[in-house]
Amino acid sequence: MQEKYLPSEIEHTAQARWTASQTYRARDDSDRPKYYCLSMFPYPSGRLHMGHVRNYTIGDVLARYHAMRGYNVMQPMGWDAFGLPAENAAIANNVPPAAWTYANIDHMRTQLQALGFAIDWSRELATCKPDYYRWEQWLFTRLFEKGVIYKKMATVNWDPIDQTVLANEQVIEGRGWRSGALVEKRDIPMYFFRITQYADELLSGLDNLPGWPERVKTMQANWIGKSVGVRLAFKIPPAPPLSKGGESLLWVFTTRADTLMGVTFVAVAAEHPLATRAAENNPELAAFIAECKQGSVAEADMATMEKKGMDTGLKVSHPLTGESIPVWVGNYVLMSYGEGAVMAVPAHDERDFGFAQKYGLPIKQVIGVEGETFSLDAWQEWYADKARGHCVNSGKYDGLGYEAAVDAIAADLAAKGLGEKKTQFRLRDWGISRQRYWGCPIPIVHCEACGDVPVPAGQLPVVLPEDVVPDGSGNPLNKRADFVNCVCPKCGGAARRETDTMDTFVESSWYYARYACPDFDGGMLDARANKWLPVDQYIGGIEHAILHLLYARFFHKLMRDEGLVSSDEPFVNLLTQGMVIADTYYRESADGKKTWFNPADVETRDDVAVLKADGQPVVAGGTEKMAKSKNNGVDPQALIDQYGADTARLFTMFAAPPEQSLEWSDAGVEGAHRFLKRLWKLAFEHVQGGTVAAFAGGELPDAAKTLRRQLHQTIHKVSDDIERRKQFNTAIAAVMELMNALAKLEGMDATTRSVRQEVLEAAVAMLAPIVPHIGEALYAELKPDAAMAWPAVDEAALVQDEIELMLQVNGKLRGQIRVASAATREAVEAAALAGEVAQKYLEGKPPKKVVVVPGRLVNIVV
RNA sequence: GCCGGGAUGGCGGAAUCGGUAGACGCAGCGGAUUCAAAAUCCGCCGCUGGUAACAGUGUGGGGGUUCGAGUCCCCCUCCCGGCACCA
């Protein structure tokens with residue numbers, strides 16, 4: 001055995017052996033129980049970052065642990081290969097996104113392999129390959145024909161200078177990131193998945209996911225946002241027909257129909273037909289509407305901007321009282337939400353209250369709470385209190401509580417044909433059209449005669465040309481005659497191919513299923529999908545808690561309803577790893593553009609952060625998720641090069657529990673490496689004396705017996721930490737403690753050496769899922785030619801004759817007592833009261849109360 | 001703004017079911033080894049007072065429940081994630 005721990009040598013040897021013997025190939029035909037362990041696939045951005053290392057190490061620990069436990073494990077890997085960054089790189093470097101993406105995949109695959117993950121590489125897939133997206137297009141056409149996909153207008157960010165649609169990320173403080181132009185809202189036709197049709201099932205299905213974190217389920221439930229309210233209409237007085245269908249009704253939705261008698265105005269979106277009509281003869285209003293159309297469509301921007309409005313001069317009549325109500329245009333009302341109009345009750349809605357105060361609109365109290373006095377001066381929380389409030393100033397509804405009032409008002413509205421109760425979801429249909437090149441083409445042909453025609457299955461895939469270099473001004477596919485010009489599949493006439501591509505969330509919504517049968521060319525999925533699905537353990541960043549995970553759950557149900565899978569949910573257990581975060585640093589140029597610097601290139605001199613290259617100060621931008629956009633990613637490659645993959649893996653697992661965010665710091669890596677060297681040395685010294693059979697029973701000296709007890713406690717703890725708690729930092733700490741204790745065990749007699757053998761074998765096996773290379777190398781030295789199995793707990797080794805209990809007086813720690821581990825509650829109490837400490841505090845008086853917590857403590861209340 | 005999460009020594013973190021706060025590691029300090037250094041090994045290490053035994057105090061801030069609160073409840077502050085076209 002080598003005396004020195006040489007990571008690169010043992011890592012290369014181990015990896016070569018795994019590749020040669022296809023150790024991690026998942027067997028489709030095995031009769032062992034399956035364990036499908038999946039980590040969210042990476043976007044091939046160029047290089048691995050620490051978040052990847054963390055994510056894939058967590059998955060690998062669980063995969064390897066279950067393999068040691070006898071499961072038939074599948075751990076696949078692939079590439080979420082379409083996306084915006086490839087286009088940005090293309091613009092910057094004049095390379096086609098395809099070439100850039102494939103080069104990144106090759107590099108990152110090499111990096112993943114150097115980390116020694118137990119991945120079945122035979123199942124690798126990339127979403128930008130036609131043999132993958134072909135089936136996505138096929139499903140699209142199926143769903144289009146079923147009406148699950150439909151087309152409607154939707155609002156996007158429009159850059160008037162670059163003449164292109166912008167992603168929310170590309171809008172910086174209301175301006176286009178490249179042009180600096182004020183962004184405008186523009187309505188364009190898009191395809192939508194009718195996800196709202198599945199809203200109820202997506203909500204109720206959360207109850208069948210005990211293996212998901214509560215916080216994720218709560219976030220999804222709130223996102224879906226089921227609420228029961230009332231849809232009601234205000235009458236638009238006779239005039240040219242205005243609203244949809246010429247009904248002359250202005251519809252709104254409210255969850256607070258009980259406040260209907262307090263409506264003092266109605267607010268509509270800038271794009272609403274009523275607003276458009278009112279602006280025809282009102283240049284001031286037209287200017288305001290134009291102003292409302294500026295700015296991004298992001299909800300966070302909408303919610304935080306200053307609420308502005310303008311009177312249209314139009315009036316509608318209240319559905320119950322007939323009272324004349326003014327119509328305003330509000331910049332906070334979105335056309336694409338609900339009806340594009342809201343009723344305003346300033347007295348009982350905080351946003352309406354502020355708006356009414358600002359514009360001097362009437363505020364009419366219609367809800368009261370016992371003992372509270374309404375005042376127009378300032379908003380108070382109770383104004384909106386559904387639980388305590390009851391109707392006032394509301395005529396026949398006075399005195400009714402929330403539910404009774406809503407019921408009564410809904411019934412009266414229904415009688416007039418002006419409203420009904422309605423279940424509403426916050427969730428909106430999923431718009432998937434992207435006016436971008438590097439994505440999966442939407443398989444639709446536009447024919448003058450036949451309309452939108454889905455591409456027939458036999459003509460799929462619609463292949464995306466890979467030799468395109470975008471220039472930042474619109475979708476380059478529009479300029480490709482060979483792509484655009486086509487023949488209508490229905491009538492054979494000349495037609496135009498859709499050039500929009502799909503949201504990349506579509507690819508990542510079903511890849512987990514395709515891993516079961518990546519080579520199947522007869523359809524989207526084959527029977528192997530039901531062998532492997534659902535995924536037993538899914539691991540990924542908490543930032544995906546809502547969108548990706550909700551879309552994947554939705555897709556699973558779509559595939560189920562197509563007969564492709566038989567389960568209802570895709571992921572049985574979910575682990576959401578926390579962010580890897582790091583400091584950010586930037587400099588701002590005169591035109592307000594920020595340049596971000598990597599923390600590795602920044603140092604602190606006299607408490608000032610400066611760039612190493614020029615010694616000039618940089619601005620600290622706070623600690624944020626490692627991201628390309630902030631250039632604060634730490635490159636794990638340097639870590640691997642210097643210390644080896646095992647150290648990188650050990651450190652990321654040891655530094656923080658998986659679900660918490662991990663603040664990066666270079667310190668600490670050294671400690672992880674030191675531990676591996678120490679482990680190697682302990683094994684080396686033992687092996688030098690000749691290997692022996694592990695302890696198999698018999699009498700032991702006290703020190704060895706204590707160590708054996710600690711060993712079996714550790715096996716119990718580590719198994720529980722990995723399998724149930726999924727908290728690896730404490731598992732590692734427990735093995736470190738065990739190794740510290742082992743180093744202190746003296747004696748070279750055969751019995752002691754057999755205990756040492758037992759401890760080393762078990763410790764190496766327990767660490768192997770985390771540090772597989774050194775694990776394999778050491779196990780081969782300790783127990784040549786033996787297969788490594790997960791160690792079993794010897795219950796007999798855990799038995800203790802005497803235990804120590806904490807002694808408290810009035811809840812404060814005052815000492816300890818030793819009692820037989822079998823001692824009864826009475827015996828423990830007696831022993832505690834007899835002790836010196838108790839006598840001192842009791843001063844001869846009897847105790848008020850004695851609390852005995854078995855195995856833990858005794859508390860004497862005096 | 002809304003939804004979700006977090007805050008514990010100089011630092012990362014531990015305390016799993018309300019029961020010894022600070023495991024394990026980093027940094028630091030002292031010692032051994034060495035010609036010297038690196039590496040390694042041993043020891044100390046929340047704060048205040050005390051030579052010490054020990055006492056007091058301490059888990060972002062304020063209040064509460066309890067024999068006992070880092071953990072439960074109420075209020076607040078700050079930080080992080082998401083907000084539908086970043087992935």
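Quick note on labels: first sequence line is chain A, next is B, and so on, each numbered from 1.
- Inspection of the Thr196(A) and Asp429(A) side chains reveals an N or O donor paired with an N or O acceptor under 3.5 Å.
- Rounded to a whole Å, the CZ atom of Phe651(A) is 11 Å from the C1' atom of C11(B).
- When rounded to the nearest whole Å, the span between CG of Asp720(A) and P of A15(B) equals 11 Å.
- Base pairing in RNA chain B yields stems of at least 3 consecutive Watson-Crick or G-U pairs, both distances under 3.5 Å, namely B:1-7 with B:77-83, B:10-12 with B:24-26, B:28-32 with B:40-44, B:46-49 with B:54-57, B:60-64 with B:72-76.
- Summarising the local packing, CZ of Arg856(A) is surrounded by 12 or fewer heavy atoms from other residues, nucleotides or ligands at distances under 6.0 Å.
- Phe505(A) comes within contact range of at least one nucleobase, with a heavy-atom separation under 4.0 Å.
- Among the heavy atoms of the strands lying under 4.0 Å from Arg814(A) are primed sugar atoms or P, OP1, OP2 only; no base atom is included.
- Here Ser508(A) lies out of heavy-atom contact (under 4.0 Å) with every strand.
- When heavy atoms are screened at a 4.0 angstrom cut-off, Val735(A) is found touching no nucleic acid atom at all.
- Rounding to whole angstrom units, CD of residue Gln660(A) and P of U8(B) are separated by 10 Å.
- In this model, the phosphate group of U57(B) is approached by a side-chain N or O of Lys812(A) to a distance below 4.0 Å at OP1 or OP2.
- As a whole-Å value, the separation of Ile542(A) CD1 from C80(B) C1' is 11 Å.
- Taking the syn range as angles within 90° of 0, the glycosidic angle of G49(B) is outside it, so the base is anti.
- The minimum heavy-atom distance between Lys185(A) and Ser296(A), with the atom names listed, is CE-O, 3.6 Å.
- His544(A) comes within contact range of at least one nucleobase, with a heavy-atom separation under 4.0 Å.
- Using a 4.0 Å heavy-atom criterion, one finds that Leu427(A) contacts the bases of the nucleic acid, with or without backbone contacts as well.
- Judged by closest nucleotide on RNA chain B, Arg856(A) is the one of Arg856(A) and Ile546(A) placed further toward the 5' end.
- The 12-atom threshold is exceeded at CD of Gln688(A), counting heavy atoms of other residues, nucleotides or ligands nearer than 6.0 Å.
- Residue Gln727(A) is in sugar-phosphate contact alone, with no base atom involved, counting any heavy-atom pair closer than 4.0 Å across all strands shown.
- Within the structure, a side-chain polar atom (N or O) of Asn729(A) is placed less than 4.0 Å from OP1 or OP2 of A14(B).
- Residues Arg649(A) and Ile770(A) share a closest heavy-atom pair of NE-O, 2.8 Å.
- Looking at Asp500(A) and Asn475(A), their side chains never bring a donor and an acceptor atom within 3.5 Å of each other.
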Exercise. When every nucleotide of nucleotides 62-75 of chain B is labelled 5' to 3' by its protein contacts under 4.0 Å (heavy atoms), B for base, S for sugar-phosphate only, - for none, what sequence of letters results?
Worked result: -----BS-------

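- Among the atoms of the strands shown, none is found under 4.0 Å from any heavy atom of Val669(A).
- Across the protein-nucleic acid pair, Glu3(A) atom CD and U40(B) atom C1' stand 12 Å apart, rounded to whole Å.
- Across all strands shown, Thr304(A) has heavy atoms under 4.0 Å from base atoms, whether or not it also approaches the sugar-phosphate.
- Atom pair Phe654(A):CZ and A23(B):P shows a separation of 12 Å (rounding to whole Å applied).
- Following rounding to the nearest Å, Asn222(A) (CG) and G1(B) (P) show an atom-to-atom distance of 18 Å.
- In the model, Tyr841(A) has no side-chain atom that pairs as donor or acceptor with a side-chain atom of Asn810(A) under 3.5 Å.
- Base engagement by Glu299(A) is indicated by at least one non-hydrogen atom pair under 4.0 Å involving a base atom.
- A salt bridge links Glu306(A) and Lys358(A); the closest N-O separation between the charged side-chain nitrogens and carboxylate oxygens is under 4.0 Å.
- Listed nucleotides A87(B), C24(B), A84(B) differ in distance to Tyr551(A); the shortest reach to its side chain belongs to A84(B).
- In this structure, the side chain of Thr127(A) engages the main chain of Ala81(A) through a donor-acceptor pair within 3.5 Å.
- Base engagement by Lys717(A) is indicated by at least one non-hydrogen atom pair under 4.0 Å involving a base atom.
- The distance between atom CZ of Phe82(A) and atom P of C86(B), rounded to the nearest whole Å, is 18 Å.
- The side chain of Thr504(A) contributes an N or O atom lying less than 4.0 Å from OP1 or OP2 of A87(B).
- Evaluation of atom-type donor-acceptor distances gives no pair under 3.5 Å for the side chain of Arg678(A) against the base of U40(B).
- As judged by a 4.0 angstrom heavy-atom cut-off over every strand, Ala300(A) is placed among the base-contacting residues.
- In terms of modelled atom types and a separation under 3.5 Å, the side chain of Ser433(A) and the main chain of Tyr191(A) share a donor-acceptor contact.
- Listed by chain and residue number, nothing satisfies the side-chain hydrogen bond (donor to acceptor under 3.5 Å, both in side chains) test with Lys152(A) (two or more places apart in sequence, or in another chain).
- An OP1 or OP2 oxygen of A27(B) is reached within less than 4.0 angstrom by a side-chain nitrogen or oxygen of Arg674(A).
- Between Tyr43(A) and Arg428(A), it is Arg428(A) whose nearest contact on RNA chain B lies nearer the 5' terminus.
- No donor-acceptor distance shorter than 3.5 angstrom exists from the side chain of Trp438(A) to the backbone of Thr501(A), with no hydrogens or angles considered.
- Contacts of Ala298(A) with the nucleic acid, taken as non-hydrogen atoms under 4.0 Å apart, involve only primed sugar atoms and P, OP1 or OP2.
- A glycosidic torsion no more than 90° from 0 defines the syn conformation, and C17(B) adopts it.
- Residue contacts for Met502(A): at a heavy-atom cut-off of 4.0 Å it reaches no nucleic acid atom on any strand shown.
- Considering only side-chain N and O atoms, Gln577(A) lies nowhere under 4.0 angstrom from the phosphate OP1 or OP2 of G5(B).
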